Each structure stands twice: as C-alpha cells, then as structure tokens.
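Scroll down for the structure; my scribbles are underneath it.
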Amino acid sequence: MTELDRPQPDASTTNVERTLWTAEPIARDRVPVGRLLRSELSLIYRRPRNLVLLGILAAIPVIMGIALAVIEKPTGGSDGEGRNVALLTTAAGNALVLPVAALVVSLTLMLPLVAAMSGADAIAGEQASGTLRGLLLAPVGRGRVLLVKAVGVAMLTSTAAVLMAVSGIVTGLVSNGTDALFTLSGTTESLPGAVWRVLLASAWVAVQLWAVGAVALAVSTVTEHPIVVLVSVVGGVLLFSILSALEALSWLHPFLLNTSWDFVVDVLRDPIPLDALGEGIVRAGCYIVIALSLATARMLTKDS
C-alpha cells in the first residue's frame with residue numbers, strides 16, 4: 001500500500017484535536033456587576049420579611065404622632081431617658097422634631113435589627129439555603145459577590161431610615177401644620193429647610209446602620225446560621241448601650257459605635273454643631289472599613 005493509498009485523517013477532526021491540546025482555555029464571560037446588583041436588590045425588596053419590617057418602621061412615626069396628640073405630656077427619668085422624654089415632649093407640638101425623635105427611638109433597637117437581619121440574609125442566609133454555592137460556581141468572583149451584598153445591605157438600611165424620616169415629617173405636618181417648624185434653639189424653620197434637616201438626620205442614621213450591617217456581614221461570613229448573626233449583632237448593640245451608660249467605663253466610650261447616636265438631635269439646633277456628628281461619621285467609617293476588610297479576607301479564603 002502506497003502512502004497515497006493510506007486513509008488520511010479528517011481535517012476537521014485534526015483541527016479539533018489540535019485545538020483541544022494546544023489552545024488556551026476559553027475564558028468565561030464574567031457576569032456584570034450591574035446585573036448582579038439588580039438581581040440582589042430585586043430579591044431584597046421582594047422578600048416578605050423585609051417589606052413587613054419597612055412597613056412597621058414607616059408606621060412608628062405615625063403611631064408616635066397619634067399617641068403624642070391624644071395623651072398628656074410624658075414625664076420620666078433622668079439622663080438618657082430624660083433626654084428622650086424631653087425630645088418626645090417637644091415633638092408633641094413640633095412637626096420638625098417628630099421625625100428625628102422617631103429616628104432616635106428606633107435607633108435603639110428596630111433600625112439595628114433591620115441592618116443585622118439584612119447582613120445575616122446576605123451571606124449566612126444564602127449559604128444555609130445553598131444558593132451561595134451556586135452563585136460562586138458561576139463566573140462571579142467572591143469579592144464581587146461581597147461587594148454586591150454590601151451594597152444591598154446599605155440600600156435596605158438607607159431605605160429604612162429615609163422611609164421613617166418621610167413618614168415622620170408627613171405625620172408631623174398633618175398633625176401640627178407648617179406653622180409648627182421650630183428648632184431646638186427656638187428659631188422658626190421654613191418647610192424646605194425643615195425637610196433638609198430631616199433628610200440630613202436620616203442620612204446620618206443610615207451611615208450608622210451601614211456600620212451595623214458591615215459587622216453583620218463580617219459575622220455572616222463565618223457561620224451558616226442567620227439566627228447566630230442576628231443574635232450576635234443585636235446583642236452587641238444592646239451590650240454597647242449598657243456599656244455606654246456606665247460612667248466608670250468612660251475610657252471605652254470613644255470605641256463604642258453607639259456613643260454618638262443620641263447626637264443626631266443636633267440637626268435640630270441652629271446653627272447645626274458638627275463636632276459630634278462628624279465624630280459619629282468617622283467612628284462608623286472605621287467600623288465599616290474594619291468589618292468589610294475582615295469579611296473580604298474570610299470570603300477570599302473560605303473553602304465554600
């Protein structure tokens with residue numbers, strides 16, 4: 001049999017084999033961050049428990065406004081409790097104070113609960129249900145997943161703060177009218193100026209909630225049980241509240257996240273003192289950076 005008579009290999013087969021052996025691995029297209037973010041936000045705002053919590057938060061200023069309109073002026077304790085009682089007393093006839101008072105009251109538990117629950121659902125919740133593993137098997141980097149989850153937590157907590165602020169100022173205007181817009185310094189504020197002050201308060205509160213959510217994300221990366229994250233973060237907030245009330249531990253207060261939370265009422269003064277508010281922003285920023293750094297380190301090194 002001559003060389004010409006031998007069967008020649010099929011050209012297409014040869015090309016395929018050569019491609020399989022010599023070609024570089026085909027890179028999978030990465031999922032765009034915008035697509036991931038849209039999916040995450042859609043999931044967050046369609047989750048029933050999130051909608052229930054947002055509804056409760058929106059109802060708190062309304063309930064406070066009704067209660068303050070029908071009951072006698074409250075009287076109460078001293079120090080921190082006395083400040084809150086004085087704030088509520090002022091809110092009874094002041095449309096500007098009511099939304100800020102609602103934020104202050106809710107910042108003790110309800111708003112941190114939303115941040116903790118959002119952070120728990122972001123990583124631990126999806127890991128418990130198995131959806132996180134499927135997401136990591138897709139062409140999505142772990143850092144991008146954490147980024148999207150962090151933005152989702154920030155969006156939900158910001159929505160909660162702004163929703164309370166809007167509900168509060170609407171309730172205050174309905175109850176007291178536009179003539180009852182007074183600062184704690186005794187000056188009268190215009191309606192645009194009052195809205196700006198309330199939105200400033202809600203933005204400041206949102207930054208504090210981002211810090212709580214960042215801590216929840218960090219805890220969420222080390223456990224598969226969302227309830228553990230929820231209990232740990234909410235318990236930490238309550239512990240910080242106890243520690244901040246102990247004068248013997250005043251040296252520790254600058255390191256506690258909630259040390260500046262009561263100073264959100266400074267937005268109601270004229271002019272607005274920025275020292276305590278700025279200190280609160282810096283403290284919350286430190287918590288955010290440290291917590292997200294720990295969460296990133298854990299996400300990039302964990303096995304699953």
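Note that the coordinates shown come from a computational prediction; the quantities given were computed from them, not determined experimentally.
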> Taking all atoms of both residues into account, what is the closest heavy-atom pair of Gly168 and Pro61, and its distance?
Replying inline: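 That closest heavy-atom pairing would be CA-CB, 3.4 Å.
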_Residue pairs, two or more places apart or on separate chains, that pass salt bridge (Lys or Arg N to Asp or Glu O under 4.0 Å) and touch residues 95-117_ =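 Found none.
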Worksheet item: What pairs meet the salt bridge (Lys or Arg N to Asp or Glu O under 4.0 Å) rule with one or both residues in residues 87-110, with sequence neighbours excluded?
Response: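 Residue pairs with at least one partner in residues 87-110: there are none.
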Those residues at least two apart in sequence (or on a different chain) that pass salt bridge (charged side-chain N to carboxylate O under 4.0 Å, His left out) with Arg49 are Asp121
Sorted by chain and residue number, the salt bridge (charged side-chain N to carboxylate O under 4.0 Å, His left out) partners of Arg38 (sequence neighbours excluded) come out as none
Discussion item. Taking CZ in Phe255 as the centre, count heavy atoms belonging to other residues, nucleotides or ligands within less than 6.0 Å. Is the count above 12?
Written reply: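 12 or below, so no.
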Start with the C-alpha distance between Gln208 and Trp261, add both sets of side-chain angles, then the distance that settles side-chain contact (heavy atoms from CB on, under 4.5 Å), and finish with yes or no.
CA-CA 8 Å; Gln208 307 304 311; Trp261 283 3; 3.1 Å; yes
Checking Val212, Leu238, Leu113 against Val233 for side chain to side chain contact (heavy atoms under 4.5 Å, CB included), the one that qualifies is Val212
Exactly one candidate in Leu173, Leu191, Val267, Leu181 meets side chain to side chain contact (heavy atoms under 4.5 Å, CB included) with Leu96; the answer is Leu181
Q) Going by atom types alone, do Thr259 and Arg283 pair a side-chain donor with an acceptor below 3.5 Å? A)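 No, Arg283 and Thr259 have no side-chain donor paired with an acceptor closer than 3.5 Å.
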Do Ser241 and Asn258 have side-chain N/O donor and acceptor atoms under 3.5 Å apart? yes
Set of residues satisfying side chain to side chain donor-acceptor pair (under 3.5 Å) with respect to Asn176, sequence neighbours excluded =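 By the side chain to side chain donor-acceptor pair (under 3.5 Å) rule, Asn176 matches no residue at all.
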Output the distance between atom [atom1] ([X]) and atom [atom2] ([Y]), rounded to the nearest 0.5 Å.
X: Glu40; Y: Leu43; atom1: CD; atom2: CG; value: 5.5 Å
X: Leu156; Y: Ser118; atom1: CG; atom2: OG; value: 4.5 Å
X: Leu54; Y: Leu51; atom1: CG; atom2: CG; value: 6.5 Å
X: Asp266; Y: Leu184; atom1: CG; atom2: CG; value: 9.0 Å
X: Asn94; Y: Leu268; atom1: CG; atom2: CG; value: 8.0 Å

If the condition is side chain to side chain contact (heavy atoms under 4.5 Å, CB included), which residues does Ile272 pass it with, not counting sequence neighbours?
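For Ile272, the residues satisfying side chain to side chain contact (heavy atoms under 4.5 Å, CB included) (neighbours in sequence not counted) are Trp196, Arg197, Leu200, Leu274, Leu277.
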Give a yes or no answer on whether the side chain of Arg298 reaches the backbone of Leu294 with a donor-acceptor pair at less than 3.5 Å.
->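 The answer is no, because no donor-acceptor pair under 3.5 Å joins these two groups.
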